[in-house]
Amino acid sequence: MKIATFNINGVKARIEALSHWLAGANADVVVLQEIKSVDEGFPRAHFEDLGWTVETHGQKGFNGVAILSRLALEDVTRGLPGDDADEQARYIEATVIGQRAVRIAGLYLPNGNPAPGPKYDYKLAWMERLRLRAAELLASEMPVVMLGDYNIIPEPRDAANPANWVEDALFLPESRAAFRRILHQGWTDAIRIRDPHATRGPFTFWDYQGGAWSRDDGIRIDHLLLSPQAADLMIETEVDREARAGEKPSDHVPVWLRLDA
DNA sequence: ATGGTCGTGTTACGA
């Protein structure tokens with residue numbers, strides 16, 4: 001089972017780039033972030049005609065997440081538990097039925113800038129809610145893949161120029177500590193453990209501004225976290241870096257893994 | 001030193 005995450009930065013603007021990547025990737029499940037669309041505005045029929053089952057959790061203008069799957073989905077839930085007043089569409093879960101059942105959590109973690117401020121407070125509160133949900137997912141003892149745009153640069157080696165990020169919500173010590181607090185529950189950072197001693201990257205995001213892509217001034221903020229039962233099934237994991245060089249690209253690239261499931 | 005690029009849905013704001 002091949003499972004991917006892709007922050008597409010607007011599904012309507014990215015139909016061609018996304019369809020092109022899907023045609024070559026041969027993924028079974030894809031979680032999308034920043035669809036920037038309400039559910040009724042998502043080009044559902046386009047992807048259904050290409051053979052995908054589509055589940056969306058959108059809102060007007062910003063944010064929004066979705067799941068595309070070639071395999072059957074069960075028990076789809078929308079929204080991160082823990083705050084009924086939170087109206088931002090950033091979280092969706094489903095169980096994918098392959099050779100085995102795998103629980104998938106697709107997330108778009110708040111950016112949090114500027115920090116300090118209310119947006120940063122919201123980011124940290126959201127991460128605490130994610131920590132509580134992550135603990136429940138681990139307790140299920142299922143293979144679980146919790147993946148998406150975490151808006152967290154875990155370590156200096158995950159940025160080409162870490163000094164540029166020291167006051168940014170993506171890299172502040174409190175943000176990184178909150179991410180580690182979740183990791184240390186027992187999750188595996190798939191891309192990192194593939195190459196534990198890497199000194200640079202691999203990056204998953206390059207800003208549109210200032211020629212960041214051409215200078216390879218990137219950061220690693222899209223992550224795949226695996227429960228122990230999922231980590232035991234991992235075969236390979238990769239960043240599809242070349243997607244950033246295509247026509248009208250997202251500022252993020254897809255990251256994926258293959259499970260023996 | 002400054003401003004720089006996208007997408008959405010209007011011409012502001014979030015990233």
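Every chain is numbered from 1 and lettered A, B, ... according to where its sequence line falls, protein lines coming before strand lines.
- Whole-Å rounding puts the Asp168(A) CG to dG14(B) C1' distance at 13 Å.
- What separates OH of Tyr208(A) from P of dT5(B) is a distance of 13 Å, to the nearest Å.
- Taking the nucleotide of DNA chain B with the nearest heavy atom to each of Tyr108(A) and Ala13(A), the more 5' of the two is matched to Ala13(A).
- Ion pair Arg244(A)/Asp216(A) not flagged as a salt bridge, since none of the NZ, NE, NH1 or NH2 atoms sits closer than 4.0 Å to an Asp/Glu carboxylate oxygen.
- Distance NZ (Lys119(A)) to P (dG14(B)): 3 Å, rounded to an integer number of Å.
- Between Arg194(A) and Glu238(A), at least one side-chain nitrogen of the basic residue sits less than 4.0 Å from a carboxylate oxygen of the acidic one, meeting the salt-bridge criterion.
- The distance between atom CG of Asp251(A) and atom C1' of dG7(B), rounded to the nearest whole Å, is 10 Å.
- Along DNA chain B, the nucleotide closest to His252(A) and the one closest to Lys36(A) are compared, and the more 5′ of them pairs with Lys36(A).
- Closest to the side chain of Lys60(A), from the set dG7(B), dT10(B), dG14(B), is dT10(B).
- Looking at heavy-atom distances under 4.0 Å, Arg90(A) makes contact with sugar-phosphate atoms alone, never a base.
- Taking atom P on both dG9(B) and dA15(B), the two are 15 Å apart, rounded to the nearest angstrom.
- If you take CD of Gln59(A) and P of dG9(B), they are 11 Å apart, rounded to a whole angstrom.
- Contacts of Phe205(A) with the nucleic acid, taken as non-hydrogen atoms under 4.0 Å apart, are absent.
- Proximity of a side-chain donor or acceptor of Gln185(A) to a complementary backbone N or O of Arg131(A) within less than 3.5 Å is detected.
- The interatomic distance linking Gln88(A) (CD) with dA15(B) (P) rounds to 8 Å, in whole Å.
- For dG7(B), the OP1/OP2 oxygens have no side-chain nitrogen or oxygen of Lys12(A) closer than 4.0 Å.
- dT11(B) and dG7(B): their C1' atoms are spaced 13 Å apart (whole Å).
- Comparing dT10(B) with dT5(B), their P atoms sit 24 Å apart, to the nearest whole Å.
- Spacing between dA12(B) and dA1(B) at atom C1', rounded to whole Å, works out to 26 Å.
- In this entry the distance linking CZ of Phe62(A) with C1' of dG9(B) reads 8 Å, nearest Å.
- Taking the six-membered ring where tryptophan is involved, the planes of Trp213(A) and Trp206(A) are perpendicular, since the angle between them exceeds 60° and thus also 30°.
- Using a 4.0 Å heavy-atom distance criterion, Gly61(A) is classed as a sugar-phosphate-only contact.
- Taking atom CD1 of residue Ile8(A) and atom P of nucleotide dG7(B), one finds them 12 Å apart after rounding to whole Å.
- Test Arg200(A), Arg192(A), Arg176(A) against Asp158(A) for side-chain hydrogen bond (donor to acceptor under 3.5 Å, both in side chains) and you get one pass: Arg192(A).
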